[in-house]
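Structure first, then comments.
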Amino acid sequence: MAPSLSNLIITCPLSPEKLAEVKTHFKSVHHYPPGGKDKVPKELAAQADVWYSNYTGIPDYLKFEDIPNLRLVQLTSAGANTALKSPALNSEQALKQITISSASGIHSLSIPQWILSQSISLYMHLYLQTYNLRHTQKWAREIPQLPPPPPGDFGNSGRTLYGKTAGLLGYGHIARETARLLKAFNVNVIAANSTGEKRKDEGFIIPGTGDEEGVIPSAYYSTNDPQSFKTFLSKSDILIASLPSTPQTIDLLKDEHFEALPKDAILINVGRGDLFKSETLIKALDQGHLSGAALDVTDPEPLTDGHPLYTHPLVTITPHTSSNVKGYFEVGADLLLENVKRVREGGKPINKVDPEKGY
């Protein structure tokens with residue numbers, strides 16, 4: 001018999017309007033927003049069979065023994081590596097009892113916009129122009145942080161995306177929506193994943209977004225085949241990484257991989273900061289092989305005070321906020337309700353996490 005999933009606990013932010021809607025789908029709903037004074041009482045935790053949580057998973061003051069009836073955890077994050085480390089979920093027994101679902105798919109409203117804006121900013125050096133004019137308060141077109149343009153060239157501020165090739169390292173929902181948006185700029189899209197093969201997106205898809213059938217990339221390459229991966233990198237004028245943190249992706253990009261990129265390539269990373277060492281990136285920038293990098297995730301994270309990446313003239317950084325968008329947790333709640341509906345009907349939830357992969 002399918003689980004009834006009638007008692008929900010929410011430990012992430014949620015608007016009063018969405019909370020009221022969610023309550024119509026359950027026998028009981030208890031909301032404990034992060035940062036609040038109250039903890040989830042153990043007697044309520046024991047009754048819960050569904051949990052809507054942020055990326056941290058079940059609060060760390062609860063253990064597996066405190067959640068005997070829990071069957072489904074809906075995360076608000078695409079990655080589950082942090083949640084899987086929470087005391088209540090980090091045992092084999094817990095993972096046999098509880099299905100964890102990621103929020104993969106909801107970030108297509110925010111992160112692809114960040115990727116596009118940062119790509120354009122790096123190509124047009126908008127971040128340097130803005131900084132210089134704000135800092136000097138003078139109408140000057142020169143960008144002193146960059147080499148002077150060749151004689152007769154039209155300034156040193158801009159390049160066009162037209163005709164460039166974007167290499168999408170990882171082709172999940174973020175990359176698929178990014179690919180759709182890039183086509184409007186006449187950018188050729190290629191993709192690399194573990195198999196080097198096209199696959200259909202069977203996750204949560206917001207209508208009008210993404211590339212469900214995987215038909216946008218002109219070619220696929222395999223990260224598990226060194227020669228295929230090198231070929232992929234050699235064609236990527238814009239390398240866009242959106243990989244989760246797994247044993248296979250930690251320090252995936254090394255000196256030789258940055259050297260394989262075309263001269264003046266740019267790097268965008270919205271996945272996890274441990275994809276490469278900061279020192280490796282700085283070396284590639286300082287040697288003049290890469291022309292810029294935009295990072296929403298860093299090594300280490302949080303980035304330590306005074307780290308050289310903060311002031312590097314070819315780097316822009318945001319503090320892991322590319323996913324921030326108004327209504328974020330409300331969209332996640334839509335996914336929660338869809339997954340609860342599926343489980344009640346005897347089906348499987350969307351985005352079921354594979355603990356071995358961490359996503």
Lys96/Glu92 salt bridge by N-O under 4.0 Å criterion
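Salt bridge: yes.
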What I want to find out is whether Glu21 reaches Lys18 closely enough, with some N-O distance under 4.0 Å, to be called a salt bridge.
yes
Applying side-chain hydrogen bond (donor to acceptor under 3.5 Å, both in side chains) to Ser53 and Gln74, what does each step give before you reach the verdict?
CA-CA 6 Å; Ser53 164; Gln74 175 64 62; over 6 Å; no
Tell me whether [X] at atom [atom1] has more than 12 heavy atoms from other residues, nucleotides or ligands lying less than 6.0 Å away.
X      : atom1 : value
Glu256 : CD    : yes
Lys230 : NZ    : no
Lys254 : NZ    : yes

Give a yes or no on whether the backbone of [Y] and the side-chain of [X] come within a donor-acceptor separation of less than 3.5 Å.
X      : Y      : answer
Thr321 : Asn324 : no
Gln287 : Ala284 : no
Lys183 : Ala179 : no

Please list, chain by chain and in numerical order, all residues satisfying salt bridge (charged side-chain N to carboxylate O under 4.0 Å, His left out) with Arg180, sequence neighbours excluded.
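Residues passing salt bridge (charged side-chain N to carboxylate O under 4.0 Å, His left out) with Arg180: Glu177.
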Salt bridge (charged side-chain N to carboxylate O under 4.0 Å, His left out) with Lys37: which residues, sequence neighbours excluded?
none
Student check: side-chain heavy atoms of [X] and [Y] closer than 4.5 Å:
X      : Y      : answer
Val325 : His107 : no
Val340 : Arg344 : yes
Tyr328 : Ser323 : yes
Arg342 : Glu338 : yes
Tyr127 : His125 : yes
Thr318 : Thr316 : no
Leu84  : Asn90  : no
Pro33  : Pro13  : no

Nearest 0.5 Å, please: how far is [atom2] in [Y] from [atom1] in [X]?
X      : Y      : atom1 : atom2 : answer
Ser121 : Gln129 : OG    : CD    : 9.0 Å
Gln118 : Ile238 : CD    : CD1   : 12.5 Å
Ser108 : Gln113 : OG    : CD    : 9.5 Å
His289 : Lys283 : NE2   : NZ    : 12.0 Å
Phe26  : Ser6   : CZ    : OG    : 9.0 Å
Tyr52  : Cys12  : OH    : SG    : 4.5 Å

Check step by step if side-chain contact (heavy atoms from CB on, under 4.5 Å) holds for Ile206 and Leu109.
CA-CA 8 Å; Ile206 296 173; Leu109 296 178; 3.5 Å; yes
Between [X] and [Y], which heavy-atom pair has the shortest distance, and what is it?
X      : Y      : answer
Thr11  : Gly57  : OG1-O, 4.5 Å
His307 : Ile282 : CE1-CD1, 4.3 Å
Ile190 : Lys235 : CD1-CB, 3.8 Å
Leu335 : Ala103 : CD2-CA, 3.7 Å
Gly196 : Tyr220 : O-CB, 3.2 Å
Leu89  : Ala94  : CA-CB, 4.0 Å

Of Leu233, Leu169, Leu239, the one forming a side chain to side chain contact (heavy atoms under 4.5 Å, CB included) with His257 is Leu233
Testing Leu72, Leu8, Ile67, Ile10 for side chain to side chain contact (heavy atoms under 4.5 Å, CB included) with Trp51, which one passes?
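Testing Trp51 for a side chain to side chain contact (heavy atoms under 4.5 Å, CB included) against Leu72, Leu8, Ile67, Ile10 leaves exactly one candidate, Ile67.
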Can you tell me how the ring of Phe232 sits relative to the ring of Tyr221, calling it parallel under 30°, perpendicular over 60° and tilted otherwise?
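Ring orientation of Phe232 relative to Tyr221: tilted.
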Flag yes if [X] and [Y] sit in one hydrophobic cluster, no otherwise; membership is Ile, Leu, Val, Met, Phe, Trp, Tyr, and two members link when side-chain heavy atoms are under 4.5 Å apart.
X      : Y      : answer
Leu5   : Ile100 : no
Tyr55  : Ile58  : no
Met124 : Leu133 : no
Leu146 : Tyr123 : yes
Ile98  : Leu336 : no

Side-chain donor-acceptor contact under 3.5 Å, [X] with [Y]:
X      : Y      : value
Thr209 : Arg176 : no
Tyr171 : Asp211 : yes
Asn7   : His30  : no
Ser28  : Gln47  : no
Asn339 : Ser101 : yes
Glu142 : Asn132 : no
Ser194 : Asn224 : no

Mind running side-chain contact (heavy atoms from CB on, under 4.5 Å) on Ile317 and Asp296 for me, showing each step along the way?
CA-CA 6 Å; Ile317 301 173; Asp296 188 51; over 6 Å; no
Assess whether side-chain hydrogen bond (donor to acceptor under 3.5 Å, both in side chains) is satisfied between Asp60 and Ser86, documenting all intermediate values.
CA-CA 6 Å; Asp60 59 12; Ser86 62; over 6 Å; no
Evaluate the criterion side-chain contact (heavy atoms from CB on, under 4.5 Å) for residue pair Ile240 and Thr178; output intermediate values, then yes/no.
CA-CA 9 Å; Ile240 300 170; Thr178 301; 4.1 Å; yes
When the aromatic ring centroids of His173 and Phe204 are compared, is their separation below 6.0 Å?
no
If you look only at distance, which donor and acceptor atoms sit under 3.5 Å apart when one is on a side chain in residues 258-277 and the other is two or more places apart or in another chain?
from   : atom 1 : to     : atom 2 : distance (Å)
Lys263 : NZ     : Gly288 : O      : 2.9
Asn269 : OD1    : Gly271 : N      : 3.1
Asn269 : ND2    : Arg272 : O      : 3.2
Asp274 : OD1    : Ser245 : OG     : 3.4
Asp274 : OD2    : Ser245 : OG     : 2.6

Residues Lys63, Asp66; criterion side-chain contact (heavy atoms from CB on, under 4.5 Å); working and verdict
CA-CA 5 Å; Lys63 306 294 186 288; Asp66 300 321; 3.8 Å; yes
